[in-house]
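Structure record follows, encoded as C-alpha coordinates.
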Amino acid sequence: MSEPTAASAGDPLVRVEGLVKHYADAGRDVRVLEGVELEVQRGEKVAIVGESGVGKSTLLHILGALDRPTAGAVRYGGLDVATLGSDELAAFRNRQIGFVFQFHHLLGDFSALENVMMPALVGGERWERAADRAREILVRVGLGARLDHKPGELSGGEQQRVSVARAASLGPPVLLADEPTGNLDPITGEEVQDLLIELNRERSVALIIATHNPRLAAAMDRVLRLHDGRLEPA
(Lines give C-alpha, C1' and ligand atoms only; values in the text may rest on other atoms or scores of the structure.)
Protein backbone atom coordinates (compact mmCIF):
# COMPACT_ATOMS: atom_id res chain seq x y z
CA MET A 1 0.00 0.00 0.00
CA SER A 2 1.17 3.55 -0.65
CA GLU A 3 2.19 5.37 2.51
CA PRO A 4 2.53 9.08 3.08
CA THR A 5 6.06 10.32 2.71
CA ALA A 6 7.54 11.65 5.92
CA ALA A 7 7.16 15.41 6.06
CA SER A 8 10.45 17.25 6.30
CA ALA A 9 11.02 19.59 9.22
CA GLY A 10 8.77 22.59 8.74
CA ASP A 11 6.67 20.94 6.04
CA PRO A 12 2.99 20.49 6.86
CA LEU A 13 1.73 17.09 7.90
CA VAL A 14 -1.62 17.91 6.26
CA ARG A 15 -2.00 20.23 3.30
CA VAL A 16 -5.38 21.14 1.78
CA GLU A 17 -5.28 22.85 -1.61
CA GLY A 18 -8.23 24.54 -3.29
CA LEU A 19 -10.80 22.22 -1.75
CA VAL A 20 -14.26 22.47 -3.33
CA LYS A 21 -17.35 20.45 -2.45
CA HIS A 22 -20.69 20.74 -4.26
CA TYR A 23 -23.54 18.28 -4.24
CA ALA A 24 -26.98 18.01 -5.73
CA ASP A 25 -30.03 18.18 -3.46
CA ALA A 26 -33.53 18.00 -4.95
CA GLY A 27 -32.26 19.42 -8.21
CA ARG A 28 -30.30 22.23 -6.55
CA ASP A 29 -26.53 22.64 -6.70
CA VAL A 30 -25.50 23.05 -3.04
CA ARG A 31 -22.10 24.70 -2.67
CA VAL A 32 -20.53 23.80 0.66
CA LEU A 33 -16.78 24.39 0.26
CA GLU A 34 -15.41 26.95 -2.18
CA GLY A 35 -11.62 26.77 -2.20
CA VAL A 36 -10.52 25.79 1.30
CA GLU A 37 -6.80 26.14 1.97
CA LEU A 38 -5.22 24.67 5.11
CA GLU A 39 -1.85 23.54 6.41
CA VAL A 40 -1.43 21.68 9.69
CA GLN A 41 1.91 20.78 11.24
CA ARG A 42 2.67 17.65 13.24
CA GLY A 43 1.60 18.18 16.82
CA GLU A 44 -0.48 21.28 16.06
CA LYS A 45 -3.94 21.87 17.49
CA VAL A 46 -6.46 23.55 15.18
CA ALA A 47 -10.09 24.43 15.91
CA ILE A 48 -12.59 24.98 13.11
CA VAL A 49 -15.62 27.01 14.15
CA GLY A 50 -18.65 28.38 12.34
CA GLU A 51 -22.41 28.36 12.29
CA SER A 52 -24.32 25.08 12.11
CA GLY A 53 -24.70 23.92 8.54
CA VAL A 54 -21.72 25.79 7.07
CA GLY A 55 -19.87 22.57 6.24
CA LYS A 56 -17.57 21.84 9.19
CA SER A 57 -18.52 18.16 9.26
CA THR A 58 -18.23 17.95 5.48
CA LEU A 59 -14.72 19.38 5.67
CA LEU A 60 -13.68 16.90 8.38
CA HIS A 61 -15.13 14.00 6.40
CA ILE A 62 -13.05 15.02 3.38
CA LEU A 63 -9.94 15.51 5.52
CA GLY A 64 -10.53 12.03 6.88
CA ALA A 65 -10.96 10.52 3.40
CA LEU A 66 -14.53 9.52 4.21
CA ASP A 67 -15.77 11.69 1.36
CA ARG A 68 -14.20 12.94 -1.86
CA PRO A 69 -14.04 16.60 -2.86
CA THR A 70 -15.50 17.98 -6.06
CA ALA A 71 -12.13 19.60 -6.74
CA GLY A 72 -8.87 20.26 -4.93
CA ALA A 73 -6.53 17.99 -2.99
CA VAL A 74 -5.88 16.70 0.52
CA ARG A 75 -2.28 15.66 1.05
CA TYR A 76 -0.81 13.79 4.00
CA GLY A 77 2.95 14.12 4.07
CA GLY A 78 2.90 14.70 0.31
CA LEU A 79 0.51 11.89 -0.58
CA ASP A 80 -2.69 12.94 -2.37
CA VAL A 81 -5.28 10.62 -0.85
CA ALA A 82 -7.41 10.90 -4.01
CA THR A 83 -4.81 8.74 -5.79
CA LEU A 84 -5.54 5.75 -3.53
CA GLY A 85 -7.84 2.91 -4.53
CA SER A 86 -10.64 1.88 -2.20
CA ASP A 87 -8.66 -0.83 -0.38
CA GLU A 88 -5.60 1.39 -0.03
CA LEU A 89 -7.77 4.23 1.19
CA ALA A 90 -9.40 2.07 3.86
CA ALA A 91 -6.00 0.91 5.09
CA PHE A 92 -4.69 4.49 5.03
CA ARG A 93 -7.60 5.76 7.14
CA ASN A 94 -7.16 2.93 9.60
CA ARG A 95 -3.49 3.65 10.26
CA GLN A 96 -3.06 7.36 9.63
CA ILE A 97 -6.23 9.04 10.90
CA GLY A 98 -8.20 8.74 14.13
CA PHE A 99 -11.84 9.88 14.29
CA VAL A 100 -13.80 11.15 17.29
CA PHE A 101 -17.41 12.15 16.70
CA GLN A 102 -20.08 13.87 18.78
CA PHE A 103 -21.91 10.55 19.08
CA HIS A 104 -19.45 7.84 19.96
CA HIS A 105 -20.56 5.23 17.37
CA LEU A 106 -19.45 2.36 19.61
CA LEU A 107 -20.65 -1.17 18.88
CA GLY A 108 -23.26 -1.91 21.52
CA ASP A 109 -22.78 -5.67 21.62
CA PHE A 110 -19.06 -5.43 22.31
CA SER A 111 -17.10 -4.46 25.41
CA ALA A 112 -15.00 -1.33 25.73
CA LEU A 113 -11.90 -3.45 25.17
CA GLU A 114 -13.33 -5.06 22.04
CA ASN A 115 -14.45 -1.71 20.64
CA VAL A 116 -10.96 -0.29 21.01
CA MET A 117 -9.44 -3.43 19.48
CA MET A 118 -11.41 -3.03 16.25
CA PRO A 119 -8.98 -0.83 14.28
CA ALA A 120 -6.10 -3.21 15.02
CA LEU A 121 -8.14 -6.28 14.12
CA VAL A 122 -9.29 -4.64 10.89
CA GLY A 123 -5.64 -3.90 10.17
CA GLY A 124 -4.74 -7.57 10.53
CA GLU A 125 -3.16 -7.63 13.99
CA ARG A 126 -3.36 -10.79 16.07
CA TRP A 127 -6.05 -10.82 18.75
CA GLU A 128 -3.54 -10.93 21.60
CA ARG A 129 -1.55 -7.95 20.32
CA ALA A 130 -4.73 -5.99 19.60
CA ALA A 131 -6.02 -6.72 23.12
CA ASP A 132 -2.75 -5.62 24.73
CA ARG A 133 -2.75 -2.39 22.75
CA ALA A 134 -6.41 -1.66 23.57
CA ARG A 135 -5.95 -2.43 27.26
CA GLU A 136 -2.96 -0.07 27.44
CA ILE A 137 -4.79 2.91 25.92
CA LEU A 138 -7.94 2.27 27.99
CA VAL A 139 -5.87 2.33 31.16
CA ARG A 140 -4.28 5.55 29.87
CA VAL A 141 -7.71 7.22 29.50
CA GLY A 142 -8.79 6.14 32.98
CA LEU A 143 -10.96 3.15 32.08
CA GLY A 144 -8.79 0.29 33.29
CA ALA A 145 -11.62 -0.89 35.55
CA ARG A 146 -14.24 -0.77 32.76
CA LEU A 147 -12.63 -2.95 30.10
CA ASP A 148 -15.40 -5.54 30.04
CA HIS A 149 -18.31 -3.10 30.20
CA LYS A 150 -20.48 -2.62 27.13
CA PRO A 151 -21.34 0.92 25.97
CA GLY A 152 -24.80 0.74 27.57
CA GLU A 153 -23.14 0.14 30.94
CA LEU A 154 -20.95 3.23 30.64
CA SER A 155 -21.72 6.90 31.26
CA GLY A 156 -21.72 9.37 28.37
CA GLY A 157 -18.28 10.61 29.32
CA GLU A 158 -16.92 7.08 29.60
CA GLN A 159 -18.34 6.21 26.18
CA GLN A 160 -16.59 9.22 24.67
CA ARG A 161 -13.35 8.22 26.39
CA VAL A 162 -13.66 4.80 24.77
CA SER A 163 -14.21 6.58 21.45
CA VAL A 164 -11.05 8.64 21.98
CA ALA A 165 -9.12 5.52 22.96
CA ARG A 166 -10.30 3.74 19.81
CA ALA A 167 -9.28 6.71 17.65
CA ALA A 168 -5.81 6.86 19.22
CA SER A 169 -5.23 3.12 19.56
CA LEU A 170 -2.99 2.70 16.50
CA GLY A 171 -1.04 5.88 17.14
CA PRO A 172 -2.21 7.83 14.08
CA PRO A 173 -0.41 11.13 13.39
CA VAL A 174 -3.76 12.93 12.95
CA LEU A 175 -6.88 12.99 15.12
CA LEU A 176 -10.04 14.51 13.66
CA ALA A 177 -12.79 15.37 16.13
CA ASP A 178 -16.27 16.55 15.15
CA GLU A 179 -17.97 18.22 18.13
CA PRO A 180 -16.31 15.79 20.57
CA THR A 181 -17.81 17.55 23.61
CA GLY A 182 -21.12 18.50 22.01
CA ASN A 183 -23.15 15.73 23.62
CA LEU A 184 -21.61 16.04 27.09
CA ASP A 185 -22.27 18.16 30.15
CA PRO A 186 -19.71 20.95 30.75
CA ILE A 187 -17.66 19.11 33.38
CA THR A 188 -17.45 15.88 31.38
CA GLY A 189 -16.77 17.84 28.21
CA GLU A 190 -13.83 19.52 29.90
CA GLU A 191 -12.46 16.11 30.92
CA VAL A 192 -12.61 14.91 27.30
CA GLN A 193 -11.00 18.18 26.17
CA ASP A 194 -8.15 17.64 28.63
CA LEU A 195 -7.72 14.08 27.40
CA LEU A 196 -7.41 15.17 23.77
CA ILE A 197 -4.87 17.82 24.69
CA GLU A 198 -2.86 15.34 26.75
CA LEU A 199 -2.74 12.91 23.81
CA ASN A 200 -1.61 15.77 21.59
CA ARG A 201 1.18 16.65 23.99
CA GLU A 202 2.32 13.11 24.72
CA ARG A 203 2.20 11.75 21.16
CA SER A 204 2.67 14.87 19.01
CA VAL A 205 -0.58 13.98 17.28
CA ALA A 206 -2.12 16.77 15.19
CA LEU A 207 -5.62 17.69 16.37
CA ILE A 208 -8.18 19.15 13.97
CA ILE A 209 -11.40 19.80 15.85
CA ALA A 210 -14.73 21.18 14.64
CA THR A 211 -16.53 22.68 17.60
CA HIS A 212 -19.10 25.14 18.89
CA ASN A 213 -17.46 24.99 22.33
CA PRO A 214 -15.58 28.28 22.89
CA ARG A 215 -13.55 26.83 25.75
CA LEU A 216 -12.35 23.93 23.59
CA ALA A 217 -11.58 26.25 20.68
CA ALA A 218 -9.58 28.57 22.94
CA ALA A 219 -7.39 25.66 24.03
CA MET A 220 -6.17 25.11 20.46
CA ASP A 221 -3.11 26.70 18.86
CA ARG A 222 -5.19 28.24 16.06
CA VAL A 223 -8.88 28.95 15.56
CA LEU A 224 -10.23 29.14 12.00
CA ARG A 225 -13.75 30.09 10.99
CA LEU A 226 -15.50 28.38 8.08
CA HIS A 227 -17.49 31.09 6.34
CA ASP A 228 -18.85 31.25 2.79
CA GLY A 229 -17.08 28.01 1.97
CA ARG A 230 -13.59 29.19 3.01
CA LEU A 231 -11.44 29.17 6.12
CA GLU A 232 -10.39 32.45 7.69
CA PRO A 233 -8.78 33.39 11.02
CA ALA A 234 -11.44 33.61 13.73
Side-chain angles (χ1 to χ4, degrees), residues 7 10-23 30-77 81 96-103 160 163-164 167-168 172-234:
D11 288 344
L13 176 63
V14 182
R15 175 180 281 134
V16 178
E17 301 170 341
L19 201 66
V20 175
K21 181 64 176 179
H22 301 170
Y23 64 88
V30 180
R31 298 170 176 262
V32 183
L33 305 176
E34 293 285 4
V36 170
E37 303 282 340
L38 176 66
E39 292 186 353
V40 179
Q41 304 291 335
R42 181 175 295 277
E44 190 176 10
K45 305 187 299 295
V46 178
I48 299 174
V49 300
E51 300 297 325
S52 296
V54 297
K56 299 188 301 298
S57 294
T58 297
L59 176 56
L60 256 63
H61 285 181
I62 294 174
L63 292 179
L66 293 171
D67 192 8
R68 292 186 181 271
T70 304
V74 176
R75 304 182 189 277
Y76 281 82
V81 297
Q96 301 297 325
I97 307 169
F99 297 90
V100 182
F101 299 100
Q102 178 175 352
F103 301 100
Q160 194 65 314
S163 177
V164 172
V174 177
L175 276 180
L176 303 176
D178 191 1
E179 298 287 0
T181 64
N183 201 38
L184 303 174
D185 65 80
I187 293 175
T188 305
E190 189 168 334
E191 292 173 352
V192 170
Q193 170 185 315
D194 291 345
L195 174 59
L196 289 168
I197 292 172
E198 287 168 12
L199 289 171
N200 160 264
R201 183 176 61 249
E202 293 172 1
R203 301 184 175 203
S204 294
V205 61
L207 285 178
I208 305 175
I209 298 179
T211 183
H212 284 104
N213 184 334
R215 186 180 181 90
L216 176 57
M220 301 296 105
D221 300 318
R222 281 192 290 155
V223 183
L224 302 173
R225 182 173 302 279
L226 185 59
H227 178 70
D228 287 340
R230 293 179 172 85
L231 287 175
E232 56 189 36

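Computed from a prediction, not measured in an experiment: that's the story for all the values here.
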Heavy-atom closest pair (L226 atom, G55 atom, distance to 0.1 Å) is CD2-C, 3.4 Å
Is any side-chain heavy atom of V174 closer than 4.5 Å to one of L63?
no
Neighbour count above 12 (heavy atom, 6.0 Å) for R215 CZ:
no
How many angstroms lie between atom CG of L207 and atom CZ of R201, to the nearest 0.5 angstrom?
11.5 Å
Given the options V74, L224, L59, L38 meets side-chain contact (heavy atoms from CB on, under 4.5 Å) only with L224
Does I187 form a side-chain contact (heavy atoms from CB on, under 4.5 Å) with E191? I'd like the steps, not just the answer.
CA-CA 6 Å; I187 293 175; E191 292 173 352; 4.1 Å; yes
E51, CD atom: more than 12 neighbouring heavy atoms under 6.0 Å
no
Exercise: identify the closest heavy-atom pair between G35 and R230
O-CG, 4.1 Å
To check you understand the geometry: which heavy-atom pair defines the closest contact between F99 and A167, and what is its length?
O-CB, 3.3 Å
For residues 12-23, tabulate all N or O donor-acceptor pairs below 3.5 Å that involve a side-chain atom, not counting sequence neighbours.
from : atom 1 : to  : atom 2 : distance (Å)
R15  : NE     : E39 : OE2    : 3.2
E17  : OE1    : R75 : NE     : 3.0
E17  : OE1    : R75 : NH2    : 3.4
K21  : NZ     : D67 : OD1    : 3.4
K21  : NZ     : R68 : O      : 2.9
H22  : NE2    : R31 : NH1    : 3.4
H22  : NE2    : E34 : OE1    : 3.4
H22  : NE2    : E34 : OE2    : 3.1

Would you name the heavy atoms of V205 and P173 that are closest together and state the gap between them?
CG2-O, 3.4 Å
Hey, are the side chains of K56 and E179 touching, using non-hydrogen atoms and a 4.5 Å cut-off?
yes
Tell me if a side-chain donor or acceptor on D178 pairs with a main-chain N or O of F101 at a distance below 3.5 Å.
no
So which atom in I48 and which in I208 form the shortest heavy-atom distance, rounded to 0.1 Å?
CD1-CG2, 3.8 Å
At their closest point, which heavy atom of L199 faces which heavy atom of A168, and how far apart are they?
CD1-CB, 4.2 Å
Report yes if the side chains of L216 and P180 come closer than 4.5 Å at any heavy-atom pair, otherwise no.
yes
Please say which of V46, T211, I197 ends up in a side-chain contact (heavy atoms from CB on, under 4.5 Å) with M220.
I197
Determine whether T181 and Q160 satisfy the following criterion, side-chain contact (heavy atoms from CB on, under 4.5 Å), listing intermediate values before the conclusion.
CA-CA 8 Å; T181 64; Q160 194 65 314; over 6 Å; no
Would you please test V40 and R222 for side-chain contact (heavy atoms from CB on, under 4.5 Å) and show each step?
CA-CA 10 Å; V40 179; R222 281 192 290 155; 4.2 Å; yes
